[in-house]
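Throughout, protein chains are lettered first and strands after them, A, B, ... in sequence-line order, and every chain is numbered starting at 1. The model shown is predicted, which means the values in this text are computed figures rather than measured ones.
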Amino acid sequence: MTKRELAPSFIPADVEPRLYSHWVESGYFTADSASSKEPFTIVIPPPNVTGNLHIGHALDQTLQDCLTRMKRMQGYEALWLPGMDHAGIATQNVVEKQLAAQGLTRHDLGREEFVKKVWEWKAESGGQILGQMKRLGDSVDWTREAFTMDETLSQAVLTIFKKLFDADLIYRAERIINWCPRCLTALSDIEVEHQDDAGEFVSVRYGDGEQSIVVATTRAETMMGDGAVAVHPDDPRYKHLIGTEVLLPLVNRMIPIIADELVDPDFGTGAVKVTAAHDPNDFEMAVRHNVPFVVIMNEHGVMADTGTEFDGMDRFDARVAVVAKLKELGRVVEEKRPYIHAVGHCSRCDTTVEPRLSKQWFVKVAPLAKAAGDAVRDGRVKIEPAELAPRYFDWIDNMHDWCISRQLWWGHRIPVWYGPNGEVVVVGPGESAPAGYEQDPDVLDTWFSSALWPFSTLGWPNETADLKKFYPTSVLVTGYDILFFWVARMMLFGLFAMDGVPPFGTIVLHGLVRDQFGKKMSKSKGNVVDPLEFIDKYGADALRFTLARGSNPGKDQALAEDWIAGSRNFATKLWNATRFAIMNGATVEGDLPPLDSLNAIDKWILSRLSETTAEYSELLNTYEFARASEVIYHFAWDDLCDWYLELSKEAFATGNAESTKRVLGFVLDQLFRLLHPLMPFITEELWTSFTGGETLMSAAWPIVDTSHLDKTSENLITELQRVITEVRRFRNDQGVKPSQKIPGRFIAPADIAQYSSAMAFLLKLDLVDFTPSASVEIGSVKCELDLSSAIDIDAERSRLEKDLATARKDLATAEVKLNNQGFMAKAPESVVVEIRERQAAMTADIERITAQLAALK
RNA sequence: GGACGAUUGGCUCAGCGGUAGAGCACCACAUUGACAUUGUGGGGGUCACUGGUUCGAUCCCAGUAUCGUCCA
């Protein structure tokens, strides 16, 4: 490769597609399982096959790509494995919707045809997100792309199912499960979202006279399924009724009054109806007290088999009708409406979930969850940030058995076959069911296969080279919102399947992307943003840098278009600085000149670079993306562009910059490397153009050179900066235009005086003989100027008075401390010294400013 | 009800036992010399409240208030 000229401005759309194809074609993303390098592995949280890239993916993937690219440059065999999830319910819904448009249901097609249709849909319009990931610059290994319904991943599902079944960790049972009457399937606990809905709370009298009791309910329609009324055993109001029976209205059935600790005597009337087949708590009590299960609703949430006028009514219509009827009968004692309470909704379609008695397959989680909790407790798996670990424990230590069967067609069919006489056989990979057996019609929860992702994608259960090289994965990066859905489940299955080796070393949890005011993005609020639009408008690097810069561990971030524009400006800044450097002959050829031959400005930028490299690398290693971004941003913009380039302009202008050309070349080269994980496109373009190198992707990560650390030069440049800022301020106060050259000179100690011409160059001062009409004093430095007219005394006085006030205030605070005996006795020596120095400096300043003020008259 | 977190300039957020920071926004000046997607200078905060610990608290502790998220 050869060095190229840079275009006058950076146009991301001209650069990004070209670079990305080049990267892929060159195989830079492809990891080698035969390599002797230490592995670094990340598996992507698989997006849904139905999904499009949203801003949350953009954040998640930016962080993963950043880590992967950095590790690759640090010499690891880095694998970032991409893929997708078949997303059972979501995908089935999409295809069913298409069928519905033609007036068809999946039953019209039949199971086999329908599943075929879903595969066709996947081939045609699924997986759009993969193309969108390329826009972001994701350095994923496309040769290893996986899909949860792939043959090998399906083998993994069969294998683990059988393994769990044989270990008695999978069982079938009739339980109350969460049922979506629209999707017509069971849901796991976490697929249910609780919302505060406005319902009603109705108190109804059961029985009559002495033999009566008032129960309160939000679900009056279920009363026809009541098998008992429950009270707390110690409740004095009802003690005498325990063991007796009351008449259940509407159906006129006698039901017992039972006592159970589960009842909260302070809630409602302290008496609750027990509807065993339609409520999980009631189910538990019913089992304890032998209360009968009365089913009064079908799978569509329609009342059925009650033998009343309500049969055939939708559950919500029935609720109204039942209350009306009870009122008519004079049985309603009290009504609260609206009554705000938490109601479960299907996370896929938002339909109110109906607890339903049903026979389903479950994973017995207790032993698995114990292991999953212990792996974090004993430090084999770290959760970052640590504050989120209690949330993990809270959940995993109290996890209920996991309902894994779904009454869907799209997904991994449960590998259980039933014989004619009720035999149950689990059919593992490569096995087949005995003749005449029929397979369970249900499929597995999508998260069942996702839970295998860190090893099923590497070829498990086969002992592949990939599995050997890349398992366990290094880091799992994901939003805290799917800690339970996915992360915890990978822990359960990973530890079980892989003989106790946890699926990852560190779990890095980031927050959600919110709108510019910190509000949650939602379609209804209309504040959802499209990352692709931002990429079109500002470039992928700008979006990535913005997201990384906002990403504090485990915390949500606000995002505004203005911030992205700011990052685009940063990219422009880098582009222009590099053009300037090239124009002035900056180079990466040859060795860096010996340090002692360099001027303080060059030594200073090298020192700052070393500090920045150390700090930045450490921050990225600890997943502090926001702070890392901040550090590198300020190094590039403030230290390099605003100060180093400015201070070096005089050297370039006078042709006395041989060393500086090499130092600048070195600093840019290193800066591009550091920034590459966050801004891969622009850094690649700049670096290859500037150095003529093949690719920055495989360039070595900068190493901190401690010999470059130089506090003397840093202190000196800090002094120069103070002087320059003060003179600029003076010029500004005096109304001297920034571009106007005026005569000036410095009276300063030798180490500073040495840089008079550099300072004069950027202060637009002419170092000629003149009679000064004004001066500015900054510590030991005096800058004399010729304003060619009388100075603005008012402006000068107000400037000096302001400085004086500040100095006096600072002196006062310092003296309060020094006069405090407690402070003098107990404060560390270093702090005392610092305050003493401050006192001396402020005293000197006050003296100087006072003299200047006096001289103004 | 339980768990966790937050409360810092107009907005969004860092930070932290020893003189309050950033980005954006705001005000002023500047357009032949990398960059107006810019430069320079400037204004702006009693760090939610009340106690406590400490020589010293925005920071640690306790309580209060408000807000948020997750779980039940």
Side-chain angles (χ1 to χ4, degrees), chain A residues 6 8-10 189-190 194 264 266-267 281 342 385 387-395 398-400 480-481 483-484 511-512 514-520 538-539 542 546 549-550 552 554-563 565-584 624 626-627 629-630 633-634 637-638 641-642 645-646 649 652-653 724-733 735-740 761-764 799 802 806 809-814 816-828 830-832 834-835 838 842:
Chain A
L6 284 183
S9 63
F10 175 54
D189 290 348
I190 50 173
H194 293 271
D264 176 3
D266 298 326
F267 183 76
N281 289 328
E387 299 96 87
L388 287 172
R391 199 179 273 205
Y392 171 81
F393 292 130
D394 190 46
W395 193 77
N398 301 297
M399 192 175 173
H400 295 145
Y480 62 72
D481 55 327
L483 182 61
F484 307 138
L512 310 177
R514 294 166 169 272
D515 77 3
Q516 59 180 316
F517 302 113
K519 298 287 173 219
K520 206 167 183 171
Y538 301 103
T546 308
R549 195 178 185 184
N552 285 113
K555 292 210 174 169
D556 290 352
Q557 66 170 297
L559 179 74
E561 184 162 351
D562 277 356
W563 308 182
S567 298
R568 184 270 321 266
N569 296 353
F570 179 49
T572 308
K573 193 78 183 169
L574 294 169
W575 189 267
N576 285 317
T578 309
R579 284 176 63 225
F580 173 81
I582 292 172
M583 192 186 306
N584 283 286
E624 293 267 11
R627 291 176 62 195
S629 306
E630 208 60 24
Y633 175 91
H634 286 291
W637 201 313
D638 299 351
C641 294
D642 287 350
L645 293 182
E646 291 301 324
K649 275 182 177 172
F652 285 127
I724 289 161
T725 305
E726 283 302 311
V727 176
R728 279 173 175 163
R729 184 171 158 229
F730 178 81
R731 286 181 55 128
N732 215 298
D733 290 346
V736 179
K737 298 199 168 167
S739 58
Q740 190 188 334
F761 191 88
L762 92 184
L763 282 168
K764 299 272 192 279
R799 183 175 72 90
K802 201 180 146 209
T806 311
K809 200 176 141 224
D810 289 353
L811 179 65
T813 10
V816 163
K817 291 199 172 195
L818 295 171
N819 291 332
N820 180 333
Q821 289 188 350
F823 174 80
M824 294 309 283
K826 298 194 177 173
S830 63
V831 175
V832 176
E834 196 189 313
I835 304 284
R838 196 183 303 153
M842 289 307 110

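Taking atom OH of residue A/Tyr480 and atom P of nucleotide B/U69, one finds them 9 Å apart after rounding to whole Å. In this structure, the CG atom of A/Asp481 is 16 Å from the C1' atom of B/G5, given to the nearest Å. Straight-line distance from the CG atom of A/Asp394 to the P atom of B/G1: 17 Å, rounded to whole Å. A/Asp638 places its CG atom 12 Å from the C1' atom of B/G23, with the value rounded to the nearest Å. Whole-Å rounding puts the A/Glu561 CD to B/U12 P distance at 18 Å. The distance from atom CG of A/Leu763 to atom C1' of B/A30 is 15 Å, rounded to the nearest whole Å. For A/Arg391 and B/C4, the CZ to P distance is 11 Å, given to the nearest whole Å. Distance A/Leu762 CG to B/A34 P: 13 Å, rounded to the nearest Å.
The shortest side-chain heavy-atom distance between A/Arg514 and A/Lys519 does not fall under the 4.5 Å cut-off. In this structure, the side chains of A/Gln516 and A/Leu559 stay at 4.5 Å or more apart for every pair of heavy atoms. Contact of the A/Lys555 side chain with the A/Glu387 side chain is not registered, since no non-hydrogen atoms from C-beta on lie closer than 4.5 Å. Using a 4.5 Å cut-off on side-chain heavy atoms (C-beta onward), A/Val831 and A/Phe823 make contact. By the 4.5 Å heavy-atom criterion applied to side chains, A/Phe730 and A/Leu763 are not counted as neighbours.
Heavy-atom distances to RNA chain B give each of A/Leu388 and A/Gly518 a nearest nucleotide, and the one nearer the 5′ end belongs to A/Leu388. Position along RNA chain B of the nearest nucleotide to A/Gln516 versus A/Ser739 favours A/Gln516 as the more 5'-ward residue.
Here the side chain of A/Pro390 is nearest to one of B/A3, B/A34, B/G5, namely B/A3. Closest to the A/Trp395 side chain, of the nucleotides B/A34, B/C71, B/C55, is B/C71.
Comparing the C1' positions of B/C13 and B/G68 gives an interatomic distance of 15 Å, to the nearest angstrom. Going from the P atom of B/C16 to that of B/C61 covers 14 Å, rounded to whole Å. Annotation: B/A28 and B/U66 have their P atoms spaced 42 Å apart (nearest Å). For the C1' atom pair drawn from B/A57 and B/G51, the interatomic distance equals 13 Å after rounding to whole Å. Taking the P atoms as reference points, B/C60 lies 15 Å from B/U8, given to the whole Å. Taking atom C1' on both B/G42 and B/A25, the two are 15 Å apart, rounded to the nearest angstrom. As rounded to the nearest Å, B/G43 and B/C59 have P atoms that lie 27 Å from one another. Atom name P, nucleotides B/C11 and B/U46: the rounded distance is 13 Å, in whole Å.
In A/His400, the NE2 atom is not crowded: 12 or fewer heavy atoms of neighbouring residues, nucleotides or ligands sit closer than 6.0 Å.
Checking the phosphate oxygens (OP1, OP2) of B/A34, a side-chain nitrogen or oxygen of A/Lys649 falls inside 4.0 Å. Side-chain N/O atoms of A/Lys737 include one lying less than 4.0 angstrom from OP1 or OP2 on B/A30.
Judged by distance alone, with hydrogens and angles left aside, the side-chain atoms of A/Asn552 form no donor-acceptor pair with the main-chain N or O of A/Ala626 at under 3.5 Å. Judged by distance alone, with hydrogens and angles left aside, the side-chain atoms of A/Asn584 form a donor-acceptor pair with the main-chain N or O of A/Phe580 at under 3.5 Å.
Using a 4.0 Å heavy-atom distance criterion, A/Lys764 is classed as a base contact. Within the nucleic acid shown, A/Tyr538 has no heavy atom closer than 4.0 Å to any nucleic acid atom. A/Phe761 comes within 4.0 angstrom of a base, heavy atoms only.
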5' to 3', nucleotides 15-22 of chain B under a 4.0 Å protein heavy-atom cut-off (B base, S sugar-phosphate only, - none) gives ---BB--S
Strictly under 4.0 angstrom, non-hydrogen atoms only: write out the protein contact profile of nucleotides 36-44 of chain B, one letter per nucleotide from the 5' end, B, S or -.
-BSSBSSS-
Kindly indicate, with the supporting measurements, whether the criterion salt bridge (Lys or Arg N to Asp or Glu O under 4.0 Å) is fulfilled by A/Glu646 and A/Lys649.
CA-CA 5 Å; A/Glu646 291 301 324; A/Lys649 275 182 177 172; 3.0 Å; yes
Residues A/Asn576, A/Arg579; criterion side chain to side chain donor-acceptor pair (under 3.5 Å); working and verdict
CA-CA 5 Å; A/Asn576 285 317; A/Arg579 284 176 63 225; 3.1 Å; yes
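In this structure, A/Arg549 is positioned above the aromatic face of A/Tyr633, its NZ or CZ under 6.0 Å from the six-membered ring centre and within 45° of the axis.
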For RNA chain B, just give me the dot-bracket, please: Watson-Crick or G-U, both distances below 3.5 Å, ( ) intra-strand, [ ] crossing earlier pairs, | paired with another strand, . unpaired.
(((((((..((((....[..)))).(((((.......))))).....(((((..]....)))))))))))).
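Pairing each heavy atom of A/Leu645 with each of A/Ala577, the nearest pair is CD1-CB, 3.9 Å.
No donor-acceptor contact under 3.5 angstrom links the side chains of A/Asn569 and A/Tyr538, judged on distance only.
Screening A/Arg731, A/Lys737, A/Gln740 for a side-chain contact (heavy atoms from CB on, under 4.5 Å) with A/Lys764, the sole residue that qualifies is A/Arg731.
With hydrogens and angles ignored, a donor-acceptor pair under 3.5 angstrom links the side chain of A/Glu646 to the base of B/A34.
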